[in-house]
Participant: 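Mind having a look at this structure? Questions to follow.
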Amino acid sequence: MAKSTAILAIETSCDETSAALVRCSGALKAPRFKILKNIVSSQIAVHRPFGGVVPNLAKREHLKNLPIVLRQILKTTNNKRQKTTIDCLAVTVGPGLEPALWTGINFAEELSKKLKKPLIGVNHMEGHLYSNWLPVRITKEPKNKETKKQLPKITFPAIALIVSGGHTILLNMKSITKWTKLGETLDDAAGEAFDKVARMLNLPYPGGPEIQKLAVKGNSNTIQFPRPMLNKKNYEFSFSGLKTSVLYYLRDHPIADLADKKQTSRTNQKKVSVVRLRPRQSADAADVAASFQQAVVDVLVKKTIRAAEEYKAKSILLCGGVSANKALRKMLHASCFMLHKKFVVPDFEFNTDNAAMIAAAAYINLLQKKKKPLPMEADGNLNI
Ligand code: KG4
Ligand code: ZN
């Protein structure tokens with residue numbers, strides 16, 4: 001293999017159309033990634049009026065956006081100061097929404113033929129996992145305003161918590177390529193619970209960032225929502241009961257402000273999106289958001305820490321869209337600090353879906369010469 005490999009990656013598993021160009025080097029013990037460009041074109045505004053992702057709309061938007069994001073990436077390869085030759089292409093093949101995945105796969109296959117470069121299929125969850133190996137910002141240089149970046153040093157054994165809109169998975173990693181799944185969610189994923197509770201509070205999609213924003217104004221001790229599976233001696237999760245508890249709480253304690261909005265939504269569909277985009281929540285709604293968020297964070301952190309102690313982990317990795325949650329990052333970081341374990345979390349731009357993480361995962365796969373390549377077929381339920 002050449003000294004470094006430039007990978008052009010494409011990600012279309014859900015509602016972000018993303019392409020990235022990443023220079024990858026080093027062996028499995030210390031892979032190095034330099035992100036030359038990472039473009040994410042979000043479809044949030046398109047799906048927001050529907051309160052969630054509509055698969056066929058996602059497909060239509062990916063078809064429209066893929067050539068646009070690719071053009072921006074190709075501009076980088078032709079940079080006058082530094083020309084980059086693409087060595088290899090990568091694309092997400094699952095898990096995710098199959099119509100959306102197929103759009104990326106077909107586009108990448110055509111591009112691979114045109115550029116005469118090999119194409120690698122990537123598991124989206126491996127993408128999230130390996131986002132922990134991407135460079136992280138450490139300081140902002142006051143003089144030249146340049147941000148310094150550093151590659152995280154991950155030591156094993158490690159426990160990885162992957163929390164996204166579709167998954168909540170706990171892995172015990174013996175090395176960068178060897179792990180066992182300790183547990184996952186039995187029903188709703190953590191991100192899904194955030195999205196559903198946000199809808200109950202009349203907050204727009206995606207709910208995670210909205211709940212976080214509202215929670216800042218509330219008191220997390222106001223309502224004692226259940227901490228599902230916390231005392232079970234396993235590493236499974238379940239968030240559906242917690243979501244139902246919030247529903248019952250709101251039924252028994254209606255929020256006046258919210259009732260007004262629901263009334264508006266029944267009478268005027270157009271007005272709804274306006275109201276949803278600018279929620280004027282009461283203090284109670286903020287308390288509900290804060291108490292719910294704390295219940296999720298408590299379960300995620302306590303189970304992860306328990307696993308880290310049981311398996312004598314040296315590092316704890318956090319990734320997936322929900323890893324953008326500041327309360328979760330803060331509590332897990334503090335727990336790791338107390339136990340002298342290294343806490344690793346990607347920069348905010350690499351928590352939610354992006355193609356840079358797909359390039360990183362493709363490279364780790366390339367380095368494992370014996371690993372069977374994934375078929376170029378969308379697999380909505382692909383396992384990690
Ligand atoms: O990884 P991701 O971008 O897509 C999937 O692979 O599912 O994760 C999206 C999920 C959504 O459910 C979104 O609400 C959640 O991540 N999310 C958050 C935050 N930012 C995104 N959840 C809690 N707090 C956040 N700040
Ligand atoms: Zn994801």
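Just the heavy atoms: all of them, side chains too, but no hydrogens, waters or symmetry mates, feed the values below. In listed order, ligands and their atoms are each counted from 1.
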Participant: Any idea which of Ala327, Cys319, Gly165, Ser323 brings a heavy atom closest to atom 7 (O) of ligand 1?
Facilitator: Gly165

Participant: I'd like the name of whichever of Asn325, Asp353, Leu328 reaches closest to atom 24 (N) of ligand 1 through any heavy atom.
Facilitator: Asn325

Participant: If the plane angle is over 60° it's perpendicular, under 30° parallel, otherwise tilted; pick one for Phe343 and His333.
Facilitator: parallel

Participant: Going by the side-chain contact (heavy atoms from CB on, under 4.5 Å) test, name the single residue among Ile120, Leu382, Leu101 that passes it with Val93.
Facilitator: Leu382

Participant: Apply salt bridge (charged side-chain N to carboxylate O under 4.0 Å, His left out) to Lys342 and list each qualifying residue two or more places apart in sequence or on a separate chain.
Facilitator: none

Participant: Determine, using heavy atoms of His128 and all atoms of ligand 1, whether some pair is separated by less than 4.0 Å.
Facilitator: yes

Participant: Regarding atom 6 (O) of ligand 1: of the candidates Glu16, Lys196, Gln293, His124, which has the closest heavy atom?
Facilitator: His124

Participant: Salt bridge or not for Lys117 and Glu109, using N-O below 4.0 Å?
Facilitator: no

Participant: Quick one: which of Asp195, Asn354, Thr92, Val296 has a heavy atom closest to atom 12 (O) of ligand 1?
Facilitator: Asp195

Participant: With a 4.0 Å cut-off, would you call Arg137 and Glu349 a salt bridge?
Facilitator: yes

Participant: Can you find an N/O atom of Gly191 closer than 3.5 Å to an N/O atom of ligand 1?
Facilitator: yes

Participant: Salt bridge check, Glu184 against Lys181: does any charged N sit closer than 4.0 Å to a carboxylate O?
Facilitator: yes

Participant: Walk me through it: do Tyr130 and Tyr363 pass the test ring-ring contact (aromatic ring centres under 6.0 Å, His included)?
Facilitator: CA-CA 10 Å; Tyr130 292 125; Tyr363 183 65; over 10 Å; no

Participant: Would you compute the distance between atom CZ of Phe33 and atom CZ of Arg23 and round it to the nearest 0.5 angstrom?
Facilitator: 13.0 Å

Participant: For atom 16 (O) of ligand 1, which candidate among Gly321, Ala190, Gly96 provides the closest heavy atom?
Facilitator: Gly321

Participant: Using 4.0 Å as the upper bound for N to carboxylate O, is an ion pair formed by Glu210 and Lys213?
Facilitator: yes

Participant: With heavy-atom distances below 4.0 Å as the criterion, list the atoms of ligand 1 near Gly166.
Facilitator: 7 (O)

Participant: Evaluate Gly208 for polar contact with ligand 1, using N/O atom pairs at a separation under 3.5 Å.
Facilitator: yes

Participant: Any salt bridge between Lys196 and Asp188, counting N to O under 4.0 Å?
Facilitator: yes

Participant: Quick one: which ligand 1 atoms are inside 4.0 Å of a heavy atom on Gln212?
Facilitator: 26 (N)

Participant: So is Pro209 close enough to ligand 1, meaning a heavy atom under 4.0 angstrom away?
Facilitator: yes

Participant: Between Glu61 and Lys64, is there a salt bridge with N-O shorter than 4.0 Å?
Facilitator: yes

Participant: May I ask you to determine how many protein N/O/S atoms are under 2.8 Å from the Zn ion (ligand 2)?
Facilitator: 3

